[in-house]
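Below: the structure, in structure tokens.
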Amino acid sequence: MPTTRDSASTGTGTDALLRLRGLLDLLDQGAPAEAFQDGAPSDAEESADAGAAPAADAALIADATRVALRIHRTLSQHRRREAELAALFDTAGDLARLREPDAVLRAIVHRAKLLLGTDVTYLSLNDEEAGDTYMRVTDGSVSAAFQRVRLGMGEGLGGLVAETARPYSTGDYRDDRRFRHTTTIDSAVTEEGLRAILGVPLRLGTRVIGVLYAADRTARTFTPDEVALLSSLADHAAIAIDGARLLDETRTALVELNAASRTIEAHSEAMRRAEDAHDRLTDLVLRGGDVTDVATAIGTVLQGGTLVHDAEGAELARAGTDPRPPSARAVAASRAGGRAVFAHGTWVCAVLAGHELLGSIALTGRADLDDADRRLFERASLVTALLLLLRRSVAETEDRIRGELLGDLLTRAADPAGLSARARRLGMNLGHPHAVFVLHTGAVPRPRLLAAAARIAQARKGLAGLHHEDVVLVCPAGDPAPGPGPGPAAASLASELRQALAGPVTVGAAGPVTGPAEFADAYAEARRCRTALCALGREGTGAALHDLGFLGVLLGDQTDLGGYVRQTLGPVLAYDAKRGTDLTHTLRAYFDTGASQSRAAEALHVHVNTVVQRLERIGSLLGRDWQRPERALELQLALRIHRVNRHDGPGPGDFAP
């Protein structure tokens, strides 16, 4: 059996083992450090048991307790580090899923607040252009001034971190003289109530892009573990910020690329339409197109209504629906600037040849012409100018050729066969009847009269020009108006020119003539007729020589007395021939007796009422003005010629109808 001492020793050893097992249980349970101190023997207990337990057991228990505390601290550090790593891992995952820069920044400061358990977290970014750092995002802040504060490089804790790229912390910012204090920063920190502040740099390589902060409203000291944790989060945050920035730049680049692509597509479409328009305009110029073709082509390409005017404002061509004429002010503005202008819903471009205004082209229905379409519209004005110049050049050449032909016709200076061939090349057939008109006016400048005559000649396939200072017009017989002989045509032409030129124009006519050899004589006759009209005070009218009565017979080259009688007495002679009456004899008796009805009745051996009735019938045949002196003279001359002819006996010269 063991002795008493042995028993005591055995009991004491058992207690030591139990204490060691208790320490292991505390480690397994993750008990706080205070629990390990509670399991260690106190000094009283050691004194009480001094006689019972060897000193070696007490030392063993004390050493075991210290080892257990170290193991506890190590396990605690590992657990905390594991939690921090898990939190950082979660943070990295959260940041990786974020796409918007603002969302990334808010997530960073919120995660920092959760990990460090501080009152406020916030983040500032560097402004490279301004050379400072500004508050970007806060979490837990209540001060508006604090949320808007800006720090210069080296100012305050944050400015020092941004400048040096190193972490800095302070247990009580207000009393810490290591930092450059400013009134703005100190006021903002005081208003927020912050005391302890930790700031770590956000770094991309060697470049600092901002600062991440954790702060408390009570004074305290930040541990190295907290600095390391916030620094790790800042590293993640810097990468996430840069990734978000790159993603945002990529989005912006994609948007710009899409916009550029659309611009390229629009430019390509504009180039295609410009090429199409160029081909159309070139083709119509090469195939001899006119201004109407230009208006149609440009209206089709630009999808609008087009209208072309000349320099005087006369319409030359139109195409499309609802084309509106441009204002004179818009044409003047386009002429001054040399570009198309937009006025009152209409694009207007002056048609110029150098500084000379040839006309204008207007486009309606398109208020949104881009640069390409505007240049296309302006190109149409250039093509229009080219066509107008070509048309003018052709007209001038044709006028010169027609003028030369007219001069040769009126002077018999060329071979008749050659004249006929030249006329055919101009679209005239000299074998058909033509009338010759000589024009005169004292109220209108001769160039304007000549231009008006040229337009009429062109429209009626005739000739116009100057000959011996006279404006001469040759047209096919029957133009400008139908009628027996050129007299009605001359009267109609005088009226037309009066309206066109706003002034009286006297027109002497002759014809119709057939064959080149007859034109010179017709010109001379028309000129005499024009002279007679002016001498008789009939300026502004038109007539042929036979319309002038006996004066026309006297001025004519060939005396046509029979024609004069028929023209003057024709209705009375026809009435007598048809009804067997003798109104002609009554009329002669009336004039022979001095226009006395009673004496005429005596000479005719009839009642005066019979004479009155016969004279009324004559008036209905000849017109109410038959007794005017000049008309009465014409009638008496015709009656004398008719009586002489009847005394000569019937024959080829008989004037009876």
Side-chain angles (χ1 to χ4, degrees), residues 88-111 122-139 148 150 162 165 201-212 233-282 297-304 337 339-342 347 349 363 365-380:
L88 290 174
F89 181 79
D90 293 341
T91 298
D94 292 343
L95 295 178
R97 287 190 294 272
L98 295 174
R99 293 294 180 265
E100 297 296 331
D102 288 346
V104 170
L105 298 179
R106 287 193 297 270
I108 289 170
V109 296
H110 182 67
R111 183 69 67 173
Y122 50 98
L123 183 147
S124 66
L125 294 178
N126 291 357
D127 187 340
E128 296 182 357
E129 293 184 1
D132 60 6
T133 182
Y134 62 97
M135 199 70 69
R136 186 67 174 81
V137 180
T138 64
D139 192 345
R148 295 192 301 267
R150 297 183 74 97
L202 297 173
R203 287 178 293 199
L204 287 175
T206 59
R207 184 167 63 93
V208 177
I209 63 172
V211 179
L212 180 61
L233 183 60
D235 292 339
H236 284 80
I239 295 173
I241 291 173
D242 191 54
R245 178 186 60 80
L246 293 176
L247 183 61
D248 187 59
E249 291 177 354
T250 301
R251 287 199 192 100
T252 302
L254 287 175
V255 170
E256 294 175 351
L257 182 61
N258 290 333
S261 178
R262 289 191 295 270
T263 301
I264 292 173
E265 290 177 358
H267 182 68
S268 177
E269 175 64 17
M271 290 293 292
R272 185 195 64 76
R273 288 192 292 109
E275 182 179 359
D276 178 56
H278 177 75
D279 292 342
R280 291 192 184 193
L281 296 176
T282 302
I298 202 65
T300 301
V301 173
L302 296 181
Q303 299 178 346
R339 299 292 305 276
V341 298
F342 186 72
W347 283 96
C349 190
L363 175 70
R366 283 293 305 275
D368 57 343
L369 282 187
D370 55 22
D371 290 342
D373 285 346
R374 185 175 179 180
R375 288 193 295 271
L376 180 58
F377 180 54
E378 292 167 350
R379 181 180 299 175

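Note that this is a predicted model, so its numbers are computed, not measured.
Atom CD of Glu249 is separated from atom CG of Asp242 by 8.0 Å, given to the nearest 0.5 angstrom. Atom CZ of Arg339 and atom CZ of Arg375 lie 8.0 Å apart (nearest 0.5 Å). With values rounded to the nearest 0.5 angstrom, Ser124 atom OG is found 6.5 Å from Met135 atom CE. If you take CG on Leu246 and CZ on Arg251, they are separated by 11.5 Å, rounding to the nearest 0.5 Å.
In this structure the side chain of Leu105 never reaches within 4.5 angstrom of the side chain of Val109, judged on heavy atoms.
Pairing each heavy atom of Arg203 with each of Ala165, the nearest pair is NH1-O, 3.3 Å. The shortest heavy-atom contact between Tyr122 and Thr138 is CB-CG2, 3.7 Å. Closest non-hydrogen pair, Leu202 versus Ala234, comes out as CD2-O, 3.3 Å. For the residue pair Leu204 and Ala238, the shortest heavy atom distance occurs at CD2-O, 3.6 Å. The nearest pair of heavy atoms linking Leu125 to Thr133 is O-OG1, 3.1 Å.
Judged by distance alone, the side chain of Asp127 and the main-chain N or O of Tyr134 form no donor-acceptor pair under 3.5 Å.
Partners of Glu128 by side chain to side chain contact (heavy atoms under 4.5 Å, CB included), not counting sequence neighbours, listed by chain and number: Arg207. In this structure Ile239 satisfies the side chain to side chain contact (heavy atoms under 4.5 Å, CB included) test with no other residue, sequence neighbours excluded.
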Q: Given side-chain contact (heavy atoms from CB on, under 4.5 Å), test Leu233 with Leu212 step by step and report yes or no.
A: CA-CA 9 Å; Leu233 183 60; Leu212 180 61; 4.2 Å; yes
